[in-house]
Each structure stands twice: as C-alpha cells, then as structure tokens.
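Heads up: the structure comes next, in structure tokens.
Being a predicted model, the structure only gives us computed values, none of them experimental. Positions are given from 1, in the same order as the sequence printed here.
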Amino acid sequence: MLRTLGLFVATAVAEIVGCYLPYLWLREGKTVWLLLPAALSLALFAWLLTLHPNAAGRVYAAYGGVYIFVALLWLWWVDGIRPTLWDLVGVVVALLGMAIIMFAPRPS
C-alpha cells in the first residue's frame with residue numbers, strides 16, 4: 001500500500017513539474033529552455049504510470065485522488081497559497097475515492 005501511494009505521489013510530482021515549467025515559460029516569461037526538463041518530466045510521468053500493477057483504467061481513476069492532494073500541496077508550497085477548508089475537504093473525499101478504487105477487495 002505504501003509503495004502504491006509513494007508511486008502515485010512521484011507520478012503526480014512528475015506531471016505537475018512537466019506542466020508547471022511550460023506555464024513559467026508561457027505566462028511568466030521564463031526561458032524556453034524550461035521545455036526540455038518539462039518534456040523529460042512528462043516522459044517520467046508516463047513511465048511511472050506503467051509501474052503500477054493494476055489495470056491501467058483503475059490506476060488512472062485512482063491516481064486522480066493523489067494528484068489532487070499533491071496539487072494542493074504545490075499550491076501551498078510553490079504558489080504560496082494556503083488551501084481553504086473546502087480544499088481540504090475535497091482532497092479527503094478524493095483520497096477516500098482513491099483508497100476505495102485501489103484497495104477494495106476484488107474477486108480473484
């Protein structure tokens with residue numbers, strides 16, 4: 001379970017970095033060279049998704065919950081905006097959904 005959660009967090013960070021760097025280039029006027037690490041980060045994101053042992057559709061569905069959690073951490077740590085109570089309620093609901101999808105008993 002911890003391996004799955006850690007893999008989801010690493011996957012989310014890779015996706016967010018891969019999208020944030022082009023944002024910096026397009027919206028903040030940073031160097032175009034940010035596109036190179038962005039592309040590498042998105043390639044890492046795609047590769048990390050392949051490491052999950054479950055069916056791809058289930059992984060993608062559950063990953064969304066962890067992505068929401070990591071995105072709110074990013075909002076707080078990188079953007080300097082503290083999540084609201086409703087942000088936190090939403091992330092709890094999303095993580096509960098992820099846990100149900102990933103860890104519910106399944107017929108063999």
Are side-chain heavy atoms of [X] and [Y] found at a separation under 4.5 Å?
X	Y	answer
Asp79	Tyr20	yes
Tyr60	Leu49	yes
Thr11	Trp47	no
Leu21	Leu35	no
Phe8	Val59	yes

Path from [X] to [Y] over hydrophobic side-chain contacts below 4.5 Å:
X	Y	answer
Val17	Phe69	yes
Leu26	Trp74	no
Trp77	Leu75	yes
Val78	Leu24	yes
Leu48	Val70	no

Nearest 0.5 Å, please: how far is [atom2] in [Y] from [atom1] in [X]?
X	Y	atom1	atom2	result
Ile16	Tyr23	CD1	OH	14.0 Å
Glu28	Leu34	CD	CG	11.0 Å
Leu95	Ile100	CG	CD1	11.0 Å
Met98	Leu5	CE	CG	5.0 Å
Cys19	Phe45	SG	CZ	8.0 Å
Arg82	Trp76	CZ	CH2	5.0 Å

Give the minimum heavy-atom separation between Ile68 and Ala94, together with the two atoms involved.
-> CD1-CB, 3.7 Å

Can you see which heavy atom on Met102 is nearest to which on Thr4, and at what distance?
-> CE-CG2, 3.8 Å

Under 3.5 Å, is there a donor-acceptor pair between the side chain of Thr84 and the main chain of Asp87?
-> yes

Exam field: side chain Ser41 to backbone Ala14, donor-acceptor pair closer than 3.5 Å = yes

